[in-house]
Amino acid sequence: MNKIQKKFKSSIRRGTGEAYLILLQNPEADISKYIIDAAVYNYAYDKQSEGSRSVYIVSLILLSTQNEYIVNTLIKKLTKKKTDVYGIRQLFDIVGYFANEGNEAARAAMYKRFNRNLKAGYEYGGNDAIIQLDGIEGLKRVAEITEKILLADPEDWEDSSRINEFQEKNPDIDIMFELTEAASKNKYIKKYIDVVKASDEERKNRPIKPTGLVESDVSYEALDMRIKESSFRSIRPAEIARIDIEDLKKIATDFLNTSDVSLQMSYLKIFIKVKFPYGYKPLLKKLNFTKGQNDRLTLMFIYALQLFKAKELRKLAIKKIEQLDQAPLYSTLLVANYKHGDHKLLVKLANSYEDLDIVEQLAINYIDIFDANPTAKCKKPLEILYNKMNCGIHRTSLIEILQDNNVCSKKIINEMRYDCSSSTRAIAAELKNNNTVL
């Protein structure tokens, strides 16, 4: 692998616009296998939140002098791909683009793979791409295949959300009329309509489970009940603001008196959003007692401590970073305890890890640190993470921090317009509109 290929492979997997610029400057570079790889496998860190990178990949395919070979290869791979739901969705979207442009082989491949949803070992995918390709006729085919799958799996279900979404996007078409007409000739579409209506009716008539808690009630008694429910997930900022300090202290006392890990985590869901009323020391003592027993609990303790500014917490963070001892976790303590010169430690820390999970955690922490502590010194540590992370969502936030501090490099600015993230591309478009040199 030569230098150009290495840089291109790194960029396309991370989703940065550098890949586009490399290809633009090196049109004869042999990089087709990296485009194919990134098309077949979605390299986004949070695939569910970030979604398909099809727009990004298609732009690279269109720019490539090997585009015909790449498209033909992806058409073949689509029909054969069995598993990896996010890769399947992305590949459908990419092949769908070329089908919409008139590529009949791409169209045939989409329907061939979509029909294979019925075969054992093939993960379901492609419904959105089929609807995008053929509109109401595509929706009819989706309804038919979906119903056949529902018949084979009684545990599966379908509601009207897909129909409603299509209707919203196509107000000039009476979707239910079209489906009902098709149902008169297709028993599967008829059954699909029945299943959808039954599902919507069941949901409509589903009784609301009483919780014994009025949502607006933030008294100690109500919160105590809520915390001890296994379904307790979070508490809204508006509720936090209305908790009486004496009730908050009672909750804090209960937290200190329990050794149950699951309960401690429930209590901490409150104290990561509002300062622990007895200060940071009881939290730190409890952290030191439970450290090493549960990584998730340790993380929540540190997030609760993150709200405090204290010499002891700063000293702990610096020690952990210098020794690289759980440093990615403890770096978040600098949000309230950052001092001039700490960027050097953050540079060292960012340079010390390549693991994508750790890089993602560092990116989240660094964004919080420099959001709370604006400084031009954010440039180097954030740029190191920019060149490692594959999360398009947090990369956008990172770029915003660089911009807010007026230290976003020309290199990054030039890459932004070709990034996999639509939010990052929107920032680039805004800069262009504001006559920023790109």
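None of the values given here were measured: they were computed from a predicted structure.
Considering CD1 of Ile369 and CD1 of Ile401, their distance stands at 11.0 Å, rounded to 0.5 Å. Between the OG1 atom of Thr73 and the CD atom of Gln66 there is a distance of 10.0 Å, given to the nearest 0.5 Å.
Put simply, the residue from Asn405, Asn406, Asp404, Leu398 that forms a side-chain contact (heavy atoms from CB on, under 4.5 Å) with Leu402 is Leu398.
For the pair Lys140 and Glu137, the salt-bridge criterion is met [side-chain N within less than 4.0 Å of a carboxylate O]. Salt-bridge annotation for Glu18 and Arg14: present, with a side-chain N of the basic residue lying under 4.0 Å from a carboxylate O of the acidic one. Between Arg425 and Asp419, none of the side-chain N atoms (NZ, or NE/NH1/NH2) sits under 4.0 Å from a carboxylate O, so this pair counts as no salt bridge. Between Lys379 and Glu383 there is a salt bridge, since a side-chain N of the basic residue sits under 4.0 Å from a carboxylate O of the acidic one. Residues Lys82 and Glu123 are not paired through a salt bridge, judged by the lack of any N-O separation under 4.0 Å between the basic side chain and the carboxylate. Using a 4.0 Å cut-off between a side-chain N of Lys or Arg and a carboxylate O of Asp or Glu, Asp37 and Lys33 do not qualify as a salt bridge. Comment: Arg314 engages Asp342 in a salt bridge, judged by a side-chain N to carboxylate O separation of less than 4.0 angstrom. A salt bridge links Lys169 with Glu165: the closest approach of a Lys/Arg side-chain nitrogen to an acidic carboxylate oxygen falls below 4.0 angstrom.
Asn117 places a side-chain N or O within 3.5 Å of a backbone atom of Phe114 that can act as its donor or acceptor partner. For Glu50 (side chain) and Ala44 (main-chain N/O), no donor-acceptor pair under 3.5 Å exists by modelled atom type. Remark: the backbone N or O of Ala29 is not paired with any side-chain donor or acceptor of Asn26 at under 3.5 angstrom. Put simply, the side chain of Lys273 gets close to the backbone of Ile235: a donor and an acceptor are under 3.5 Å apart.
Remark: Lys377 is not positioned above the aromatic ring of Phe370, lacking an NZ or CZ atom under 6.0 angstrom from the ring centre and at most 45 degrees off the axis.
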**Report entry** Pair Gln361-Tyr366, side-chain hydrogen bond (donor to acceptor under 3.5 Å, both in side chains): steps then yes or no
**Finding:** CA-CA 9 Å; Gln361 184 175 31; Tyr366 283 24; over 6 Å; no

Report task. Evaluate the criterion salt bridge (charged side-chain N to carboxylate O under 4.0 Å, His left out) for residue pair Lys197 and Glu201; output intermediate values, then yes/no. Result -> CA-CA 6 Å; Lys197 289 181 176 179; Glu201 190 66 23; over 6 Å; no

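In the model, Gln306 has a side-chain atom that pairs as donor or acceptor with a side-chain atom of Thr332 under 3.5 Å. For the 3.5 Å distance criterion, the side chains of Arg203 and Ser199 fail to qualify, holding no donor opposite an acceptor. Remark: the Asn186 side chain and the Glu144 side chain contain an N/O donor-acceptor pair separated by less than 3.5 Å. Side-chain polar atoms of Tyr56 and Ser421 form no donor-acceptor pair below 3.5 angstrom. When only modelled atom types and interatomic distance are considered, Arg141 and Asn115 share a side-chain donor-acceptor pair under 3.5 Å. Using a 3.5 Å distance cut-off with no hydrogens or angles, the side chains of Tyr280 and Glu312 do pair a donor with an acceptor.
Between Tyr41 and Tyr43, the two ring planes are perpendicular [angle over 60°; tilted spans 30° to 60°].
Remark: aromatic rings of Phe308 and Phe276 are distant, center separation not under 6.0 Å.
The nearest pair of heavy atoms linking Met265 to Leu297 is CG-CD1, 3.6 Å.
Two residues are said to be in side-chain contact when any heavy atoms from C-beta on lie closer than 4.5 Å; Leu60 and Ile12 meet this criterion.
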